[in-house]
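Note: hydrogens, waters and symmetry copies are ignored here, and every other heavy atom, side chains too, is used. We're numbering straight along the sequence, starting at 1.
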Amino acid sequence: MSELETRELEYFIAVADELHFGRAADRLSIAQPALSKAIRRIETRLGVPLFVRSSRRVELTPAGAALQEHGRHALNAVSAAVRNARRAGVAQDHLRLVLKPGGDAGLLSGILGEYAHQPDARRVDILFSGPADRADFLRDGRADVGLLYAPFDDLVGLAHEPLIVEDRVVIVPSGHRLAGRAEVRMSDLEGETLPRWKGVPGGDGTGPEVADVVQLLHMIALGRMIGVLPRSLVSPPPDGLVCVPVTDAPLSRLVLAWNERDRRPLVASFVTAALAHRDRVDALVAPVPSQSSRRACGRSSA
């Protein structure tokens with residue numbers, strides 16, 4: 001028998017994420033010896049080692065890395081199937097919207113107001129997530145619609161509509177060498193410390209890990225790093241910080257997204273309201289702010 005049970009996959013993913021049997025056991029609320037035995041049984045059944053263990057550390061083998069990637073998708077698919085089955089059997093009286101804190105470019109209040117006038121409007125529950133998993137909320141059914149940033153969020157499997165297109169700015173302390181510039185290029189940031197985003201693999205960051213914009217701005221204020229963000233996320237910047245346009249950084253698009261297979265009327269009604277509000281405020285394209293307004297970090301489409 002080569003198949004793995006869902007619980008065994010959960011055990012493996014916990015160890016693969018933590019790379020520490022003790023922390024994984026705590027996360028799963030089971031005893032560490034039982035978890036170690038379960039992992040050995042999985043390796044025996046598959047016929048390949050999944051971890052390299054030493055007295056100092058635990059590392060994934062290539063086989064383990066492959067199982068981590070595909071096993072996570074499998075668990076998400078099972079969770080989505082359960083949620084969708086329950087959702088299909090019960091009339092949903094609310095709509096769930098996921099976004100990152102502050103990640104609405106000032107549009108959410110107006111969108112909610114527009115949606116409230118729809119004849120089939122439901123209660124809207126707001127869910128906040130970290131930098132890496134908002135798209136997963138939509139794929140596995142934890143949320144119905146979401147505000148995501150392209151090209152940074154993975155939009156595979158999601159339908160989406162743009163709400164605003166804006167430039168990106170570098171955030172620096174007021175005494176930083178770039179603080180007095182009218183604009184910069186990405187090459188001007190060479191040698192600077194950039195953040196590593198929690199849960200987001202890859203990237204060019206070499207600085208401390210941050211989980212959200214609030215943490216990032218705090219670290220910038222301490223002089224530990226700088227950051228490049230969509231303009232609306234730092235409008236206006238906190239005291240002591242300055243934002244400078246990065247002329248050759250990829251544009252950022254705030255999009256309203258939902259599962260491409262989701263054709264329920266409650267989702268379609270919310271999308272209609274969001275697009276009506278977008279068109280009303282003409283938020284899709286706005287003028288580039290002048291140098292005199294640069295420090296206020298107003299919205300831009302550069």
Side-chain angles (χ1 to χ4, degrees), residues 16-20 23-24 27 56-60 65 68-69 72 98-105 128-136 147-155 166-254 294-300 302:
D17 287 347
E18 301 292 343
L19 292 179
H20 190 283
R23 290 196 299 268
R27 169 172 155 180
R56 287 181 168 271
R57 60 193 306 177
V58 176
E59 296 181 336
L60 283 167
Q68 181 187 33
E69 177 183 358
R72 195 187 309 279
V98 65
L99 73 160
K100 63 182 177 183
D104 68 331
F128 293 106
S129 76
D133 59 355
R134 287 183 301 283
D136 289 338
L147 294 178
L148 278 61
Y149 280 89
F152 317 107
D153 288 311
D154 180 8
L155 300 178
E166 57 185 337
D167 67 342
R168 296 167 69 199
V169 296
V170 60
I171 319 303
V172 297
S174 57
H176 191 274
R177 65 181 179 88
L178 300 176
R181 299 275 293 272
E183 59 186 31
V184 298
R185 299 180 62 83
M186 291 298 295
S187 59
D188 294 321
L189 310 185
E190 292 181 4
E192 296 286 349
T193 301
L194 295 169
R196 292 179 298 111
W197 290 99
K198 184 176 182 180
V200 180
D204 300 324
T206 59
E209 185 178 76
V210 297
D212 52 43
V213 174
V214 174
Q215 289 186 9
L216 172 61
L217 295 179
H218 183 66
M219 296 299 284
I220 295 173
L222 293 174
R224 298 289 302 278
M225 62 178 73
I226 65 173
V228 178
L229 292 172
R231 181 180 292 270
S232 63
L233 291 180
V234 284
S235 177
D239 291 342
L241 300 184
V242 173
C243 54
V244 184
V246 184
T247 58
D248 58 345
L251 295 178
S252 170
R253 291 182 294 128
L254 175 65
R294 173 176 58 82
R295 293 176 183 271
C297 274
R299 195 179 299 165
S300 171

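- Here the side chain of His20 pairs a donor or acceptor atom with the backbone of Arg23 at under 3.5 angstrom.
- Here the shortest heavy-atom pairing between Pro101 and Ser129 reads CD-O, 3.8 Å.
- Here CZ of Phe152 is found 10.0 Å from CZ of Arg253. Values are rounded to the nearest 0.5 Å.
- Counting only heavy atoms from C-beta outward, the side chains of Leu99 and Leu148 never approach each other to under 4.5 Å.
- A pairwise comparison of heavy atoms in Ile220 and Gly227 identifies CD1-N, 3.6 Å as the closest pair.
- Going from atom CD of Glu59 over to atom CG of Leu19 covers 8.0 Å, rounded to the nearest 0.5 Å.
- Within the model, atoms SG of Cys243 and CD1 of Ile226 stand 13.0 Å from one another, a figure rounded to the nearest 0.5 Å.
- Arg177 has a carboxylate O that lies under 4.0 Å from a charged side-chain N of Glu192, or vice versa, which qualifies the two as a salt bridge.
- Between Asp188 and Arg181 there is a salt bridge, with a side-chain nitrogen of the basic residue lying less than 4.0 Å from a carboxylate oxygen of the acidic one.
- Between Leu189 and Val228, some side-chain heavy-atom pair lies under the 4.5 Å cut-off.
- Between Val234 and Leu229, the shortest heavy-atom distance links the atoms CG1-CD1, 3.9 Å.
- Note that the NE2 atom of His218 and the CE atom of Met225 stand 10.5 Å from one another [nearest 0.5 Å].
- Scored by the salt bridge (charged side-chain N to carboxylate O under 4.0 Å, His left out) test, Asp133 finds no partners at all (sequence neighbours excluded).
- Looking at heavy atoms from C-beta onward, Leu147 lies in side-chain contact with Leu254 at the 4.5 angstrom threshold.
- Judged by distance alone, with hydrogens and angles left aside, the side-chain atoms of Asp248 form a donor-acceptor pair with the main-chain N or O of Met186 at under 3.5 Å.
- Looking only at side-chain heavy atoms (C-beta outward), Leu233 and Lys100 come within less than 4.5 Å of each other.
- Closest non-hydrogen pair, Ala16 versus Leu60, comes out as CB-CD2, 3.9 Å.
- Partners of Asp212 under the salt bridge (charged side-chain N to carboxylate O under 4.0 Å, His left out) rule, at least two apart in sequence or in another chain, do not exist in this structure.
- Between the side chain of Arg196 and the backbone N or O of Pro208 there is no donor-acceptor pair closer than 3.5 Å.
- When all heavy atoms of Pro173 and Leu241 are compared, the closest pair comes out as CA-CD2, 3.9 Å.
- The heavy-atom pair separating Val210 from Pro195 by the smallest distance is CG2-CB, 3.8 Å.
- One finds the CD1 atom of Ile171 at 11.5 Å from the CG atom of Leu178 (value rounded to the nearest 0.5 Å).
- With a 6.0 Å radius and a threshold of 12 heavy atoms from other residues, nucleotides or ligands, Arg224 has its CZ atom at or below the threshold.
- A donor and an acceptor atom, one from each side chain of Glu166 and Ser232, are located under 3.5 Å apart.
- Atom-to-atom distance recorded for Gln68:CD and Asp17:CG is 5.5 Å, nearest 0.5 angstrom.
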